[in-house]
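The structure under discussion appears below in the form of structure tokens.
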Amino acid sequence: MSGPTGTPHGGPVNGGPAHPDILVAAIALIRDRRVLMVTARGREVWFMPGGKIDPGETEADAAAREAWEEVAVRLDPAALVPLFTVLIQAHGEPDGRLVRMAVFGAETADDPAASAEVSAVHWASSADEGRCPPAGIEVLRRLHAGGLID
């Protein structure tokens, strides 16, 4: 016999395999008390410039690579400053699937520009939380609490 109608069943039940964390690295490029964020093509929310860490890549290497791919700024991975790691529910993923995002402080004189992966760049403050997924909200809150952004 089946369970009651309307009972959700979308994944493993008790004892099933856990969702592995999504490992990503991102940069926090801050200017004039605002942090750089991007809108990925086909999306509406604002994300930190960054992405998944490739096999054999360090977190800093991934952050620098993604900065080039998304906002056309060249960064030296050795010059990136580890700020914090966010561990939170991943946007658009099943409940319990977490993103583990290493966030690095970055500096460059280059002007960030949208690339093939990104449709727009934005300079965000804590007032922009409503435009962000959970990880972005947490980054904005931490940067604001640290006195780095408005």
Side-chain angles (χ1 to χ4, degrees), residues 8-12 16-150:
H9 184 279
H19 297 290
D21 294 348
I22 300 169
L23 305 177
V24 301
I27 62 161
L29 179 60
I30 298 170
R31 292 187 183 158
D32 299 322
R33 301 193 49 79
R34 296 187 179 276
V35 65
L36 180 68
M37 298 189 91
V38 300
T39 303
R41 295 217 181 271
R43 298 249 177 119
E44 304 240 347
V45 297
W46 293 9
F47 293 94
M48 297 300 298
K52 291 182 182 174
I53 301 167
D54 289 341
E57 197 173 40
T58 68
E59 292 172 336
D61 288 339
R65 176 183 50 76
E66 289 285 346
W68 173 249
E69 291 175 2
E70 293 188 356
V71 294
V73 296
R74 289 214 186 268
L75 301 171
D76 178 359
L80 297 178
V81 178
L83 297 178
F84 48 79
T85 298
V86 170
L87 182 63
I88 199 161
Q89 173 65 41
H91 179 69
E93 294 287 333
D95 285 346
R97 182 89 193 261
L98 303 179
V99 63
R100 181 180 304 269
M101 181 169 58
V103 180
F104 292 87
E107 292 186 18
T108 181
D110 295 345
D111 287 325
S115 73
E117 297 180 11
V118 169
S119 59
V121 297
H122 316 278
W123 292 97
S125 73
S126 60
D128 294 306
E129 283 185 9
R131 299 175 182 270
C132 302
I137 292 169
E138 184 62 20
V139 170
L140 291 178
R141 288 179 179 172
R142 290 188 191 193
L143 294 175
H144 183 257
L148 298 172
I149 66 170
D150 290 332

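Since this is a predicted model, take the numbers as computed values, not measurements.
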Q) Which pairs with one or both residues in residues 109-120 pass salt bridge (charged side-chain N to carboxylate O under 4.0 Å, His left out), sequence neighbours excluded? A) R31-D111
Q. Less than 4.5 Å apart, any side-chain heavy atom of C132 and any of F47?
A. no
Q) Atom CD in E44, atom OG in S119: separation rounded to 0.5 Å? A) 9.5 Å
Q: Test V139 against M101 for side chain to side chain contact (heavy atoms under 4.5 Å, CB included), laying out the working first.
A: CA-CA 10 Å; V139 170; M101 181 169 58; 3.5 Å; yes
Q. Do L140 and M37 come close enough that some side-chain heavy atom pair is under 4.5 Å?
A. yes
Q | Any residue meeting side-chain contact (heavy atoms from CB on, under 4.5 Å) with R65, in chain and number order, not counting sequence neighbours | A | D54, E57, A62, E69
(Q) Going by the rule salt bridge (charged side-chain N to carboxylate O under 4.0 Å, His left out), which residues pair with E107 if we only count those two or more places apart in sequence or in a different chain? (A) none
Q) Are I149 and R34 close enough, and set up right, to give a side chain to side chain contact (heavy atoms under 4.5 Å, CB included), and what steps lead you there? A) CA-CA 5 Å; I149 66 170; R34 296 187 179 276; 5.6 Å; no
Q) Can you check whether H144's main-chain N or O pairs, donor with acceptor, with S126's side chain at less than 3.5 Å? A) no
**Q.** CG/D32: more than 12 non-hydrogen atoms of other groups inside 6.0 Å
**A.** no
Q) Tell me, do W123 and P112 make a side-chain contact under 4.5 Å, heavy atoms counted? A) yes
Q. Hey, does L143 have a side-chain heavy atom less than 4.5 Å from the side chain of I30?
A. yes
(Q) I'd like to check L75 versus I27 (side-chain heavy atoms, cut-off strictly below 4.5 Å). Are they in contact? (A) yes
**Q.** Nearest-0.5 Å distance, CE of residue M48 to CD of residue E70
**A.** 10.5 Å
Q | Flag, side chain of R131 to backbone of V45, donor-acceptor distance under 3.5 Å | A | no
Q. Quick one: are I22 and L98 in side-chain contact, heavy atoms under 4.5 Å?
A. no
Q. Step by step, would you call L29 with V35 a side chain to side chain contact (heavy atoms under 4.5 Å, CB included)?
A. CA-CA 6 Å; L29 179 60; V35 65; 5.7 Å; no
Q.
Taking salt bridge (charged side-chain N to carboxylate O under 4.0 Å, His left out) as the definition, give me every residue that meets it alongside R33, ordered by chain and number, with sequence neighbours left out.
A. D150
Q: Could you check whether the rings of W46 and H122 sit parallel, tilted or perpendicular, using 30° and 60° as the cut-offs?
A: parallel
Extract all donor-acceptor atom pairs below 3.5 Å that involve side chains of residues 78-89 and protein atoms in other chains or at least two apart in sequence.
unit_1: Q89; atom_1: OE1; unit_2: G96; atom_2: N; d: 2.9
unit_1: Q89; atom_1: NE2; unit_2: E93; atom_2: O; d: 3.2
unit_1: Q89; atom_1: NE2; unit_2: P94; atom_2: O; d: 3.0
unit_1: Q89; atom_1: NE2; unit_2: R97; atom_2: O; d: 3.3

Q. For the atom pair CZ (R100) and CD1 (I53), what is the distance rounded to the nearest 0.5 Å?
A. 10.0 Å
Q: Check the pair V99, D21 against side chain to side chain contact (heavy atoms under 4.5 Å, CB included), reporting the backbone distance first and the verdict last.
A: CA-CA 5 Å; V99 63; D21 294 348; over 6 Å; no
Q.
Checking the side chain of R141 only, and the main-chain atoms of G136 only, is there a donor and an acceptor separated by less than 3.5 Å?
A. no
Q) Any idea which heavy atoms bring F104 and A63 closest together, and the distance? A) CD1-CB, 3.9 Å
(Q) Test of understanding: with side-chain hydrogen bond (donor to acceptor under 3.5 Å, both in side chains), list the residues that count as partners of E59, not counting sequence neighbours. (A) none
